[in-house]
Amino acid sequence: MSLFNEILQLKKDTGVAVLAHFYEDGAIQDLADFVGDSYQLALYGQRCAEQKILLAGVVFMAESVKIMNPAKRVFVPDLGAGCSLVDSSPYEKYLQWRVENPRAVAVTYINSSAAVKSISDVIITSSNAEKIVNSIPRDREILFGPDQHLGRWLSQKLNRPMKFWPGSCQVHVLFHAKKLNELKFKHPDAVVLAHPECDESVLQFADVVGSTSKLLSEVQTNPAKKFIVATESGIFHQMKKSRPDVELIQAPTMDEGCNCNDCPFMKMNTLEKIRDCLRDETNEVFVPQEFAEKSLTALSRMVTLAEGGSALWPEKFYATER
Ligand code: 13P
Ligand code: SF4
């Protein structure tokens, strides 16, 4: 039996729901029960009936599913699949930033540790950030982290001043603005798509800026025949599947041939690791209780606001009470 079919059989036998992010390899996306952006994965994890979930993505995504569903068991193919944004926002330093700005609303990207989420007022993803930030009263100061590029893009788009944490995605910062401009010149008929984790020098050349799901839906609905794509390579799989008739061009990175547009963390997941994880129930994700409860408040606020509800904002951050 092929490895792919072995996994399909294991899924049936174990009743585990397999969820995959758009940045995973094509074969992983093809065997998943659901493929989505980081918000869609969190929501699917909450809404699916299965009590065991294997999330083929990075660990912070699986932690979010676990926090939102404490009774479900959540697994990842590789517990080492981190994220440079998580690494660039250590808890103690983030806490210090919050303490220095106690009256600000802390808006935190889902690409963060459970500990940092626990000292945040609300979590956002790039698919819901505009709606959520717009729901914060205009007179409240905003601390945005850990991705400074997403924050800057939001701040400019919404005309909303913010203080930024200086974190960035090690993959998206490598797209090269000057080379992108040259490529655009060579392909004047191409639509340029970019994830907001890219530097603003790159975003200025983009026709559409948005989450992975937004970039995919642009390819699915825009009648153009050519797209230049400034995000991780895995997204090409669904784009090609839905529009085999279009030319998809990877946006240029600093060094050619470096595969810099592959996220090394997402690509740690393999079919072998998924098979082993399903078979042996290894790599279960646990979130310390002290962080889980407080992060749930911020994650729940995200879902409420993203789904059209309203929320109350704490007036002040009390470090010791949280
Ligand atoms: P999305 O929320 O757009 O899926 O992005 C997640 C991510 O990690 C981008 O690098
Ligand atoms: Fe993190 Fe960047 Fe990888 Fe997304 S692409 S998981 S932000 S390192």
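Every number for a ligand or one of its atoms is a count from 1 in the order of the listing. We use all heavy atoms of the structure for the numbers below, so side chains are in, but hydrogens, waters and symmetry mates are not. Along the sequence shown, residues carry numbers from 1. The shown structure was predicted, so the numbers you read here are calculated from the model rather than taken from an experiment.
- Only one option out of K186, K179, K178 pairs with E182 in a salt bridge (Lys or Arg N to Asp or Glu O under 4.0 Å); it is K178.
- For the residue pair S120 and T108, a side-chain donor N or O sits within less than 3.5 Å of a side-chain acceptor on the partner.
- No close placement of the F265 and Y23 rings is indicated, their centers lying 6.0 Å or farther apart.
- If you look at E232 next to ligand 1, there are no close heavy atoms at all, none under 4.0 Å.
- Taking 2.8 Å as the threshold, C83 counts as a candidate ligand of atom 1 (Fe) of ligand 2, since one of its N, O or S atoms lies below it.
- Nearest protein heavy-atom contact of atom 3 (Fe) of ligand 2 is C263 SG, 2.4 Å.
- Under 3.5 Å, the side chains of Q204 and E200 contain no donor-acceptor pair of N or O atoms.
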Before you tell me yes or no, could you show the steps for R73 and E281 under salt bridge (charged side-chain N to carboxylate O under 4.0 Å, His left out), namely the whole-Å CA-CA distance, both residues' side-chain angles and the distance that decides it to 0.1 Å? CA-CA 10 Å; R73 294 184 70 193; E281 294 200 344; 3.0 Å; yes
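- Inclusion of C169 in the first shell of atom 2 (Fe) of ligand 2 is supported: an N, O or S atom falls under 2.8 Å.
- Aromatic ring centres of Y94 and W165 lie closer together than 6.0 Å.
- Every atom of ligand 2 is numbered from 1 in the order shown, and the set under 4.0 Å from a heavy atom of L85 is 7 (S).
- Using modelled atom types, one finds a donor on one side chain and an acceptor on the other under 3.5 Å when comparing Q250 with N261.
- A cation-pi arrangement is absent between R103 and F317 under the rule of less than 6.0 angstrom and at most 45 degrees off the ring axis.
- Taking each of G57, S84, G234 in turn, the one with a heavy atom nearest to atom 8 (S) of ligand 2 proves to be S84.
- When non-hydrogen atoms are compared, ligand 2 lies under 4.0 Å from neither the backbone nor the side chain of D147.
- Any N or O atom pair closer than 3.5 Å counts here, and H21 shares at least one such pair with ligand 1.
- Close contacts between ligand 1 and S211 involve ligand atoms 3 (O) [criterion: under 4.0 Å to a heavy atom].
- For atom 4 (Fe) of ligand 2, the nearest protein heavy atom (residue, atom name, distance) is N111 ND2, 4.0 Å.
- Side-chain atoms of D13 and Q9 include a donor-acceptor pair closer than 3.5 Å.
- Ligand 1 has at least one atom lying under 4.0 Å from a heavy atom of S126.
- Of all the heavy atoms of F22, none lies under 4.0 Å from any atom of ligand 1, so neither backbone nor side chain is involved.
- Taking atom 9 (C) of ligand 1 as the reference point, the nearest protein heavy-atom neighbour is E197 OE2, 3.1 Å.
- Of all heavy-atom pairs between H21 and G57, the closest is CB-CA, 4.5 Å.
- Judged by the shortest distance from any of its heavy atoms, Q40 lies outside the 4.0 Å radius around the atoms of ligand 1.
- With no hydrogens or angles considered, no side-chain donor-acceptor pair links E92 and Q96 at under 3.5 Å.
- The side chain of N111, and not its backbone, has at least one atom closer than 4.0 Å to an atom of ligand 1 (non-hydrogen atoms only; side chain from C-beta on).
- D199 and S201 form a side-chain donor-acceptor contact under 3.5 Å, judged by distance and modelled atom types alone.
- Atom 5 (O) of ligand 1 has as its closest protein heavy atom H195 NE2, 3.3 Å.
- Atoms of ligand 1 lying under 4.0 Å from any heavy atom of T212, numbered from 1 in the order shown and given with element: 1 (P), 3 (O), 4 (O).
- Contact annotation: E197 has at least one heavy atom less than 4.0 Å from an atom of ligand 2.
- The N/O atoms of S38, backbone and side chain alike, include one that comes under 3.5 Å of an N/O atom in ligand 1.
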